[in-house]
Amino acid sequence: MSWYVISTPRHQETLVKQVLDKYVAPDYGGGKMNPFQCYLPMRRETLTDLATGKPKVLNVPVVAGLVFVHTAKLHLDQWLEQVGMGCQLYVDNTNVPIVVPEYQIRLFKDYLSFVDSDVMVLRKPYGYFLKKKKIRILSGKFAGL
């Protein structure tokens with residue numbers, strides 16, 4: 001079994017993960033089992049509602065359009081063929097499926113556990129901040145820097 005990456009239709013990552021989590025396949029021992037372990041890293045994002053000016057907190061995927069799935073490729077191929085939901089196996093430029101090593105998944109999980117979970121989205125384009133020499137952080141773990 002390996003960690004594979006599947007690309008999902010736009011804004012369907014959570015739904016795809018829920019379907020994969022509930023999927024039941026025949027077990028070779030005659031029973032039924034869920035052959036998938038899914039990982040969908042999420043973060044909180046605070047946006048300002050333009051109509052009301054009030055902050056709105058959303059849970060959004062860290063990596064848009066991707067779900068990490070730990071399974072045997074046979075099971076993933078079957079699910080993509082039978083259910084699919086518009087998902088595709090994420091492949092490299094030679095059409096070989098991307099396999100993520102276990103240690104990289106662990107590092108990703110560890111990193112996200114240390115990162116502040118609330119992110120404020122900048123309302124000005126990134127290029128605007130590149131022109132400035134200094135930026136002061138007003139709140140959060142790095143306040144005052």
Side-chain angles (χ1 to χ4, degrees), residues 1-29 31-132 135 137-143 145:
M1 293 195 349
S2 301
W3 282 98
Y4 294 96
V5 183
I6 57 173
S7 61
T8 68
R10 185 177 164 109
H11 303 299
Q12 298 299 308
E13 303 91 349
T14 305
L15 179 62
V16 168
K17 181 187 180 306
Q18 289 171 351
V19 170
L20 282 165
D21 285 342
K22 293 178 183 175
Y23 184 75
V24 178
D27 188 2
Y28 296 113
K32 300 219 177 225
M33 61 158 201
N34 182 333
F36 304 117
Q37 177 188 351
C38 300
Y39 177 52
L40 177 59
M42 300 290 282
R43 64 181 168 83
R44 286 186 329 185
E45 186 174 291
T46 304
L47 300 170
T48 303
D49 188 320
L50 297 177
T52 64
K54 294 181 181 178
K56 182 178 181 181
V57 178
L58 302 172
N59 283 324
V60 297
V62 172
V63 185
L66 299 180
V67 176
F68 300 91
V69 183
H70 189 249
T71 190
K73 186 164 181 310
L74 171 70
H75 291 298
L76 191 54
D77 287 341
Q78 287 174 346
W79 183 85
L80 288 168
E81 186 178 313
Q82 294 170 0
V83 180
M85 299 178 64
C87 298
Q88 296 179 356
L89 196 55
Y90 204 72
V91 297
D92 64 14
N93 59 353
T94 61
N95 215 27
V96 174
I98 300 290
V99 176
V100 181
E102 178 74 33
Y103 80 92
Q104 286 184 345
I105 295 292
R106 272 187 274 120
L107 285 173
F108 195 35
K109 288 178 180 180
D110 289 346
Y111 171 76
L112 291 176
S113 71
F114 289 111
V115 174
D116 191 13
S117 60
D118 192 15
V119 176
M120 178 63 86
V121 175
L122 303 173
R123 288 291 174 207
K124 296 187 179 182
Y126 180 66
Y128 170 84
F129 295 101
L130 291 177
K131 296 174 191 170
K132 304 293 181 182
I135 297 174
I137 300 172
L138 301 175
S139 63
K141 291 180 182 178
F142 301 106
L145 298 176

[atom1] of [X] to [atom2] of [Y]: how many Å apart, nearest 0.5 Å?
X	Y	atom1	atom2	result
D110	F108	CG	CZ	11.5 Å
C38	I6	SG	CD1	7.0 Å
R44	L58	CZ	CG	11.0 Å
Y39	R106	OH	CZ	12.5 Å
L76	S2	CG	OG	10.5 Å
F68	Q37	CZ	CD	13.0 Å

Heavy atoms only: give me the nearest [X]-[Y] pair and the separation to one decimal.
X	Y	answer
D77	L89	OD1-CD2, 4.3 Å
G53	T48	O-CG2, 3.6 Å
K73	P97	CE-CG, 3.4 Å
C87	P9	SG-CD, 4.1 Å
V57	T46	CG2-OG1, 3.9 Å

M42 vs T14, side chain to side chain contact (heavy atoms under 4.5 Å, CB included): CA-CA, chis, key distance, verdict = CA-CA 9 Å; M42 300 290 282; T14 305; 4.0 Å; yes
Side chain of T71, backbone of P35: donor and acceptor closer than 3.5 Å?
->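 Yes: the side chain of T71 pairs with the backbone of P35.
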Is there a donor-acceptor pair under 3.5 Å between the side chain of E13 and the backbone N or O of G65?
->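 Looks like yes, one N/O pair under 3.5 Å.
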Could you note down all residue pairs passing salt bridge (charged side-chain N to carboxylate O under 4.0 Å, His left out) where residues 78-97 supplies at least one of them, sequence neighbours left out?
->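 Salt bridge (charged side-chain N to carboxylate O under 4.0 Å, His left out) check on residues 78-97 returns no pairs.
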Can you give each donor-acceptor pair under 3.5 Å made by side-chain atoms of residues 15-26, sequence neighbours left out, with the distance rounded to 0.1 Å?
{"unit_1": "K17", "atom_1": "NZ", "unit_2": "D21", "atom_2": "OD2", "d": "2.6"}
{"unit_1": "Y23", "atom_1": "OH", "unit_2": "Q82", "atom_2": "OE1", "d": "3.1"}

According to the interplanar angle, ranging from 0 to 90°, do the rings of W3 and H70 count as parallel (below 30°), tilted (30 to 60°) or perpendicular (above 60°)?
->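 Because their plane-to-plane angle lies in the 30° to 60° range, the rings of W3 and H70 count as tilted.
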Answer yes or no: are there more than 12 heavy-atom neighbours, outside Q88 itself, under 6.0 Å from its atom CD?
->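 At most 12 heavy atoms, drawn from other residues, nucleotides or ligands, come within 6.0 Å of this atom.
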